[in-house]
Amino acid sequence: MEGFDYLLLSSRWLHIAAAILAIGGAAFMRLVLIPAAKVSLSEGEHERLRETLRRRWAPLVHACIVILLLTGSLNFVLLALPPKIKPLPYHPIFGVKFLAALAVFFIASILAGKAPGFAAMRQQRAKWLTIILLLAGLIVLLSGVLGQVRTSGMAKPATPAVQPTSA
Ligand code: HEM
């Protein structure tokens, strides 16, 4: 198919697949697994389950973070570098999304890690998973806004003035 951008399609597919896996996993843990384990397991069993889950979940979280950073950067280069679009208001909105994504990556890495300095944060796992889910909601909203800003008249680059040619 002529004019069909396979690189952009693959990059967006991978980006969305990694977001679904990472955020879907966090939602499952916060809304289903933690409440179910609390009422049906003893503290010792719960602790063993937490450690087993952590070991299986950590490599997936790290892979999703790397994929989101690589495909997100590629999406940005392919879609949003001037002169393709005007920087305002796309780039500041992208900046807020990027900072929110970095906060999600930081919290997710702490929860999936073992660093003793962050043990207190891991003890409040449910609270931090809720924060991840709220930030993810904001990120997906901002991603939709970015798409609309880019495809609406707002981001159309200014057409260069035609230079008069001297005879
Ligand atoms: C938790 C992390 C993230 C989530 C949940 C997320 C989610 C999404 C979603 C749902 C879209 C819309 C896809 C589409 O319409 O095709 C998107 C687009 C995009 N994402 Fe992400 N993303 C995340 C992190 C990142 C990062 C770290 C970057 C940059 C390094 C990034 C850059 C982009 C760009 C440039 C677009 C295209 C926006 C447009 O249509 O103009 N994303 N993202």
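Numbers here simply count residues along the sequence, with the first being 1. Note: hydrogens, waters and symmetry copies are ignored here, and every other heavy atom, side chains too, is used.
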I need the minimum non-hydrogen distance between P89 and M154, along with the two atoms involved.
CG-SD, 4.1 Å
Just so I know, are the side chains of W128 and I110 near enough to count as touching, which here means a heavy-atom distance under 4.5 Å?
no
Counting C-beta onward and ignoring hydrogens, is there a side-chain heavy-atom pair between M121 and I107 closer than 4.5 Å?
yes
Check R48 with E45, please: is the shortest side-chain N to carboxylate O separation under 4.0 Å?
no
Quick check for you: to the nearest 0.5 Å, what is the distance between L141 atom CG and K97 atom NZ?
11.0 Å
So, does K84 use its side chain to make a donor-acceptor pair with the main chain of V77 at under 3.5 Å?
yes
Let me check something: do I34 and L134 share a hydrophobic cluster, defined by ILVMFWY side-chain heavy atoms less than 4.5 Å apart, either directly or through other members?
no
Shortest non-hydrogen contact between L79 and R150, atoms and distance:
O-CD, 3.6 Å
Distance check, rounded to the nearest 0.5 Å: L14 atom CG versus N75 atom CG?
9.5 Å
Provide the closest heavy-atom pair for L68 versus A18 in the form atom of the first, atom of the second, distance.
CG-CB, 4.0 Å
Take atom NZ in K114; do more than 12 heavy atoms of anything else shown fall under 6.0 Å from it?
no
K156 and T151 have their tightest heavy-atom pair at NZ-O, 3.9 Å
Looking at R122 and L111, would you say the former's side chain and the latter's main chain have a donor-acceptor pair under 3.5 Å?
no
Check the surroundings of atom CZ in F76: do more than 12 heavy atoms from other residues, nucleotides or ligands lie under 6.0 Å from it?
yes
Surrounding CD of E51 (heavy atoms of other residues, nucleotides or ligands, distance under 6.0 Å), is the total greater than 12?
yes
Side chain to side chain, V149 and I85, heavy atoms closer than 4.5 Å:
no
Minimum-distance pair of heavy atoms, taken over all atoms of S11 and T71
OG-O, 3.3 Å
N/O donor-acceptor pairs under 3.5 Å from side chains in residues 56-65, not counting sequence neighbours:
residue : atom : partner : partner atom : Å
H62     : ND1  : A58     : O            : 3.2

